[in-house]
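Would you mind keeping the following structure in view while I ask a few things?
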Protein chains: 2
Amino acid sequence: MKSPKKPSIAAESDRTIDIYTKAAEIFHEQGFDATSMSNIAAAVDLTKAGLYYYIESKEDLLFAIMNYAMERLETMVIEPSRQFDDPRKRLESIIACHGRLLTEGNTAVAILTDEIEGLKPKHRQQILDRKRVYMEFVRDTLEALRAAGRLRDVDSTVATFSLFGTLLWLPRWYHADGKLTGDQVIEEITKIATGGLINDVDGN
Amino acid sequence: MKSPKKPSIAAESDRTIDIYTKAAEIFHEQGFDATSMSNIAAAVDLTKAGLYYYIESKEDLLFAIMNYAMERLETMVIEPSRQFDDPRKRLESIIACHGRLLTEGNTAVAILTDEIEGLKPKHRQQILDRKRVYMEFVRDTLEALRAAGRLRDVDSTVATFSLFGTLLWLPRWYHADGKLTGDQVIEEITKIATGGLINDVDGN
DNA sequence: ACAATTCTACCGACCGTCCGGTTAGTTAAT
DNA sequence: ATTAACTAACCGGACGGTCGGTAGAATTGT
């Protein structure tokens, strides 16, 4: 009766997901290199050998976390935002969805940026390729704005990186128990980012 | 006749400065934890033992680099920008000066953000305190804009972090041999950031 | 003037520790 | 009896750091 089937991303067991989640948190707090497998094992109440019953290697664990994070980005940011035809609405959706992933504590997504160097070249390239797709989705959105005469006179590549910088920095300073709620922070960031990009001559 | 006195930051020898510079570059490329002392030693044509003639410990080396970076931020960003009384000019100066430090390859400044966890708690707190001073300088500038009725309706803390995010992300994607020059990138970032913050109703 | 001494800038070899990962075996439930 | 889910003990290797020593330049004593 309790979770009879769990056809998640790759049919992982509950325990495996628990390990991924905890590992992502610890990687996020301490960094990949500074985290030992014993640290992770202890956090999920296992010995190191017990942990290796579930995973193949440290690098593989990181790769799995990053694949999960990319899958979240794609299904929780790109897909929902793609449904907006209006480029401004689409841009706002990207910021809000991505921001929400980060403020709601999806540490895996936060790791995506910081720990890429921990991957072997082949795995790294796979993740970078998927990130590139995301980046070009954002850039295309900006270019759609430009085509409609609604983008300020800014380079879309620099604009995309600027937006990413703002978003990627978010999990390093935002804490859920601060004076602003996650939704408030997202709204502020949306105001700032769109204000810097959108030509507001006709007020929409 | 050749450099008779060199009263630099702390009267360091040429060799020491060379070590700091090279170490900063390698830390920036590979990360602090992923860099071994032998790596650094080889990069400055020394053995590990020879390297330890100049430094006390790996952590101490990182601390020295970060102190140097903070000193650069203070003298090359805060001090020159403080001379502008007009808050908009001051904000633009902050972005331009900080951006220039990063595009001109001051790797030490780039490290400041990413490798804080490598420091011992006491040293880390010292650096964080100095960074806090910088952050409040930026926030005060935004509040001065607000007092003059020239800031959009945005939270100044979130705005400061957003700006920092954009700047701190810069050295991770900008390469000097790209299609845009450093100055062009800085100008674009300035447009985007100020556009998102400044209330342009009366055009200045 | 020159030998004796001291100092600067380094090196080869080594040490204890910790890490990622393995192996051989145990336990508990089917 | 078999299998899934572990554990205690261990391994090779890399790491940060140390130690004893030394070539050569600089300084000092006479």
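The structure displayed is predicted, hence computed values, not measured ones. Note on naming: letters A, B, ... go to the chains in the order of the sequence lines (proteins, then strands), and numbering restarts at 1 for each one. Below, each value reflects all heavy atoms present in this structure, side chains not excepted, and no hydrogens, waters or symmetry copies.
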- N or O in side chain of B:Arg15 less than 4.0 angstrom from C:dT8 OP1/OP2: no
- Message: When you compare the side chains of B:Ser81 and B:Ser93, does any donor N or O come within less than 3.5 Å of an acceptor on the partner?
- Response: yes
- Candidates D:dA5, D:dG16, C:dC11 - which lies nearest the side chain of B:Thr47: C:dC11
- C:dG20, C:dT23, D:dT18: which one has an atom nearest the side-chain heavy atoms of A:Lys58? C:dG20
- In whole angstrom, what separates A:Tyr52's OH from D:dA5's C1'? 18 Å
- Comparing B:Asp45 with A:Ala49, nearest DNA chain C nucleotide closer to 5' gives the residue B:Asp45
- Task: Round to the nearest Å and state the distance from B:Asp60 atom CG to D:dT18 atom C1'.
- Result: 16 Å
- Task: Go through A:Glu25 and A:Lys22 one step at a time and tell me if the side chain to side chain contact (heavy atoms under 4.5 Å, CB included) criterion holds.
- Result: CA-CA 5 Å; A:Glu25 282 170 23; A:Lys22 266 286 192 310; 4.1 Å; yes
- Starting at NZ of B:Lys48 and ending at C1' of C:dG16, how long is that distance when rounded to a whole Å? 12 Å
- Message: Rounding to an integer number of Å, can you tell me how far A:Leu51 CG sits from D:dA8 P?
- Response: 15 Å
- Message: D:dC6, OP1 or OP2 - any side-chain N/O from A:Tyr54 closer than 4.0 Å?
- Response: yes
- Message: So if I take every side-chain heavy atom of B:Leu46 and compare against C:dG21, C:dC11, D:dC6, which nucleotide ends up nearest?
- Response: C:dC11
- Note on the structure: From CZ of A:Phe32 across to P of C:dC19 the rounded distance in Å is 13 Å
- Sole residue of B:Tyr20, B:Phe32, B:Phe63 in ring pair (Phe, Tyr, Trp, His ring centres under 6.0 Å) with B:Phe27: B:Phe32
- Task: Rounded to the nearest angstrom, tell me the gap between atom CD1 in B:Ile40 and atom P in D:dC15.
- Result: 11 Å
- May I ask you to decide if the ring planes of A:Trp173 and B:Phe161 are parallel, tilted or perpendicular, using 30° and 60° as cut-offs? parallel
- d(CG, A:Asp18; C1', D:dA5) in whole Å: 15 Å
- Over 60° means perpendicular and under 30° means parallel, so classify the ring planes of A:Phe164 and A:Tyr134, tilted if in between. tilted
- Rounded to whole Å, the CG-C1' distance (A:Asp33 to D:dA14) equals 13 Å
- Nucleotide nearest B:Tyr53 (side chain, heavy atoms from C-beta), chosen from D:dG16, C:dA9, C:dG20: C:dA9
